Amino acid sequence: MGRPPSFFTNFCIRQNPKTPLQNPNSQIRKRNLCSNNNINNRGNGEFKQNPDVKVVQDQFFKAKEVSRIIRTRPRWEQTLLSDFPTVNFVDPCFYNEVFKQQKNAFLSLRFYYWISSQEGFLPDRFTSNVIFSGLVKAKAAKLAQSFLEFVNFMPEPSYLEPYAECLCENGLIEEAIGVFDYLKRVHYCPSLKTWNSALSGSLKAERADAVWKFYGDMIESGVVADLDTTGYLIQAFCMENNVWKGYELLRRVLEDGHVPSNVAFNKLIRAFCKNGNYSRMSDLLHTMIAKNHSPDIFTYQEVISGLCKRNMKHEGFRIFNDLKDRGYAPDRVMYTTIIHGLCKMKWLGDARRLWFEMVQKGIIPNQYTYNTLIYGYFKIGNLMEAERLYKEMCDIGYGETTVNYNTMINGLCLNGKAEAAYELFKQMAERNVVGDVITYNSLIQGFCKKGNIAVGINLLYELLKQGMQPSTASYTLLIEKLCKMRQVDEAIVLWKDMQERGIVPAIWTHESIIVGLVEQGSLAEGIDWLSVMLKSRLRPRKETFERLIQCLSEADKWADALCFLSYMLKIGYASNECIYLLLVNKLCKDNSNRVEICIGKITEGAKAL
DNA sequence: CTAGGGTTAG
């Protein structure tokens, strides 16, 4: 094989960078792409035999030098070309090296854009592919995306596959779906590894729906799933609170003699704990042990926090101490988990004790640990200690973050200090810390609790003005308070706003409005709302019915009260004696004949159920 | 060199 026409040497004689370059034909380009291998081989002594080596090596050193310059010299655009009259700036190999040398993908891309803007430099498809894959390798999904828009070309499928993976890892699920769909259209089938990373990326982005889409496409394209895939599917089931389906899948895999990763087990354990199904949780622990997949620190974390969620302090503690006895050294996360659990249950003495135990072992509390304990102190109303810890956290340099502020704002609101919380909120803006939906919700709830609904509503409007997506909790307390203050119409305006934004109201919100309507005398409307609620298979609480019945009988509308009582019996609540007594008392003052008839009807109805 | 972990609302 002869020495290929080297256009590196051709450019050695070029003095004026503004002189238009010849656009080398693609054959040369391909040749150069092939010679990438030589670069990869450098240093193992082999390439002495290759006649291209000198040239490639030369290009390598130039790329290294250029990389250094664009990294360190602020105004390199003004000097670079004249400094390097011999560099071939449109060679794909050169960019390959720049991307390798220069870890900052953004700078490399800027360099490429700059070259493109120079008259006569026309990077072609091959160079574009190299740049694109450099960006993908650097995991710079956003840059790769903007690059594609800029050069307006579609890379080869084999370059798109890692791109799709990169998009998933960066949570750009919709974009990834687009790429997968394109690959499907051109009949290119991604590898199992790529499908799996799509699944894992979707989980990270909390997109169970995307998991199912990717999985469906994967099966359709004939790729056979592996154990990792199964693990991701189990996680997706857990994420959707479909724990039984996940469990079912696990059992099937176990029957086939396979054991999924601990991650899948841990997620199932978390889900079972969340539903209070501790026997199933311990069942899973035993399965893990039996299958030689020992529960790890993550597993125990799930177990402990799961137990604490249900107020099972002693069990949580027992497991934690057990762990220590068996030689597991709890780390900062583990300590934070148990401290959090104890704080939730308001066991601040124990939480504090563990805090000191942790510090004594040389583990320094971080933002998570601090926020957890601050939350705990607020929970028991110890504002002094909470504020002291907050100050300490700021002093030791945990920056003023949104979560830190949220912890304080929420804690203050919880303790009736909405105004003080609002001061912090203003401070956030001054110090350029952005608030999020939790900040706003905490404040809305704080002001509602103090009866200051106007401020609450303003906060809601501000949240919307900022373009943030409100949540159910943004509305719940506002609607409840408006109803209590006989401003049901305003409450319904908010309700409609929720509907338009696709936010599912809390069950309690339905009830607030029904009670509000009935209390203000809009009986028919209240009944309408109740039947809508029942039709959507939502079950009002018994207290709501009792409240309605009481309210109506107090207004001497006993017939309507009876109507709600029969509703209540109809959906299976046993009415309690107090309500009967109340009604009977009321009715006795009325026409006694009709009383008997009505009571008779109700008790018949109750027996029939 | 990997999976997966802990804080703030409801």
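We name chains A, B, ... by the order of the sequence lines, and we start the count at 1 in each one. Just so it is clear, the model here is predicted, and its values are computed rather than measured.
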Can you tell whether the side chains of [X] and [Y] come within less than 4.0 Å, N to carboxylate O?
X: A/R207; Y: A/E174; value: yes
X: A/E546; Y: A/R541; value: no
X: A/E357; Y: A/K361; value: yes

| said: I need a per-nucleotide contact map over nucleotides 4-10 of chain B, read 5' to 3'. Cutoff is protein heavy atoms under 4.0 Å; write B for the base, S for backbone only, - otherwise. | reply: BBBBBBB
| field | A/I173 side, atom CD1; A/F180 side, atom CZ - distance, nearest 0.5 Å | value |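 Answer for the CD1-CZ pair, A/I173 versus A/F180, is 9.5 Å.
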| query | Distance-only, no hydrogens or angles: does the A/W195 side chain make a donor-acceptor pair with backbone N or O of A/P190 under 3.5 Å? | reply |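 Yes; at least one donor-acceptor contact below 3.5 Å.
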| When the distance from CE of A/M288 to P of B/dA3 is rounded to whole Å, what number comes out? |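 My rounded result for the distance is 17 Å.
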